[in-house]
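One-based numbering along the sequence shown. Each ligand, and each atom within it, is numbered from 1 in the order the structure gives. Hydrogens, waters and symmetry mates are skipped; everything else that's a heavy atom, side chains included, is used.
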Amino acid sequence: MSTVLITGASGGIGYELAKLFARNRHNLILVARSGDKLAQAGTEMRGLGVEVKTVALDLATPSAAKILFEQLKKENTAVDILVNNAGFGALGEFAAMSEEKIRGQIQLNITALTELTRSFLPPMLARRSGRIMNVASTAGFQPGPLMAVYYATKAYVISFSEAVADEVRNSGVTVTCFCPGATDTGFAKRAGNDKSRLFKQLGAMNVEKVALDGYRAVMEGRTLAISGIQNWLVAESTRFAPRKLVTAISRWVSEPTS
Ligand SMILES: NC(=O)c1ccc[n+]([C@@H]2O[C@H](COP(=O)([O-])OP(=O)(O)OC[C@H]3O[C@@H](n4cnc5c(N)ncnc54)[C@H](OP(=O)(O)O)[C@@H]3O)[C@@H](O)[C@H]2O)c1
């Protein structure tokens, strides 16, 4: 049985992905900050007949990725599939955003994801087998006024993942960048954009459906996968439209609506 490490597995897309991997007979290592929610998820998924280890860890702290890798190495636990899913966004004009929120988004969405990939990729290459899934967002395809840092972190994830996927082609290891659009999880409330046109008027996708798209994409070894045909169309259209127009529309969807 292979072992899958999923970050951000205490809720939302990560939790649904964990269920899918468990149902398909993969052992799990579940990581997030909330130990109680992880313990609950662990009990539920052991009931599906797989082994589950839970690690309560704040991945936004500088040495977290290294600590996690070293701990698993000491226990001789090989990770066959790495799912870098944990991430968060924050609504607000950049000039008024606290340094803590800016640093936190960069640390979690970019630094932890990059460092975990750097740690777990070489052993996969040595085994000539493995999969990495980086969860970006359709936000990564255009600038995002009112969520400038979040959108930029996701642009990084897309660019980084596609580049590394190319570097490891023919190695037996695949890197998949998975891009959900608005999805019905706790994300929007936490980001403060649950009153935005995007979430209130345009609507969010069902989290189980999104996770299934992600699961299929990583198991097929696809380099870039966008969840939902509507999201795919919007993401593709940004490549042909004038950038100022794309940016103005992006602001409009992030604005609150009554
Ligand atoms: N929902 C959307 O509309 C949407 C759209 C596009 C992309 N995405 C992306 O999809 C991924 C998952 O989002 P989601 O919608 O499932 O969000 P969510 O429901 O808020 O779940 C986020 C997960 O990340 C964990 N997490 C947050 N901060 C962490 C930290 N510092 N260290 C470790 N774990 C942390 C959370 O657990 P704890 O709080 O217990 O730590 C939780 O398990 C994110 O990368 C997000 O950017 C979401």
Side-chain angles (χ1 to χ4, degrees), residues 5-20 28-42 54-65 67-68 83-91 100-101 103-113 115-116 133-142 144 147 149-158 160-161 177-194 196-200 202-211 213-214 217 225-228 230-232 234-235 253-254:
L5 188 160
I6 304 173
T7 69
S10 63
I13 297 169
Y15 168 76
E16 293 299 331
L17 278 169
K19 277 201 291 195
L20 286 166
L28 302 171
I29 303 168
L30 307 179
V31 184
R33 291 167 305 178
S34 319
D36 48 344
K37 286 191 198 160
L38 283 181
Q40 226 176 316
T54 59
V55 183
L57 183 67
D58 183 351
L59 286 167
T61 55
S63 47
I67 291 170
L68 179 58
V83 179
N84 281 309
N85 162 76
F88 85 99
L91 180 77
E100 190 194 345
K101 270 195 178 153
R103 202 178 301 115
Q105 289 174 87
I106 295 172
Q107 195 75 41
L108 182 63
N109 303 1
I110 294 182
T111 309
L113 174 144
E115 290 182 356
L116 287 171
M133 174 185 189
N134 290 332
V135 179
S137 167
T138 51
F141 293 102
Q142 66 277 301
M147 287 187 90
V149 173
Y150 177 71
Y151 277 55
T153 64
K154 294 301 183 178
Y156 171 92
V157 176
I158 295 171
F160 168 73
S161 306
C177 182
F178 178 57
C179 300
T183 306
D184 191 11
T185 67
F187 174 90
K189 202 167 174 59
R190 184 168 173 221
N193 73 337
D194 51 325
S196 65
R197 289 193 179 94
L198 177 62
F199 278 90
K200 275 201 87 174
L202 304 175
M205 275 179 71
N206 170 272
V207 64
E208 290 177 20
K209 158 87 179 85
V210 170
D213 284 348
I226 297 168
S227 186
Q230 222 176 311
N231 290 326
W232 180 84
V234 171
V253 300
S254 277

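Applying the side chain to side chain donor-acceptor pair (under 3.5 Å) criterion to Asp213, with sequence neighbours excluded, gives Lys209, Ser227. Not counting sequence neighbours, the partners of Ser161 by the side chain to side chain donor-acceptor pair (under 3.5 Å) test are Asn134. In this structure Ser10 satisfies the side chain to side chain donor-acceptor pair (under 3.5 Å) test with no other residue, sequence neighbours excluded.
Looking at Asn85, its side chain does come within 3.5 Å of a backbone N or O of Gly8 through a donor-acceptor pair. At least one donor-acceptor pair under 3.5 Å links the side chain of Lys154 to the backbone N or O of Val135. At distances below 3.5 Å, not a single donor-acceptor pair connects side-chain atoms of Thr185 with backbone N or O atoms of Ile13.
The contact shell of ligand 1, taken as protein residues with any non-hydrogen atom closer than 4.0 angstrom, comprises Gly8, Ala9, Ser10, Gly11, Gly12, Ile13, Ala32, Arg33, Ser34, Leu57, Asp58, Leu59, Ala60, Asn85, Ala86, Gly87, Leu108, Val135, Ala136, Ser137, Tyr150, Lys154, Pro180, Gly181, Ala182, Thr183, Thr185, Gly186, Phe187, Arg190, Phe199.
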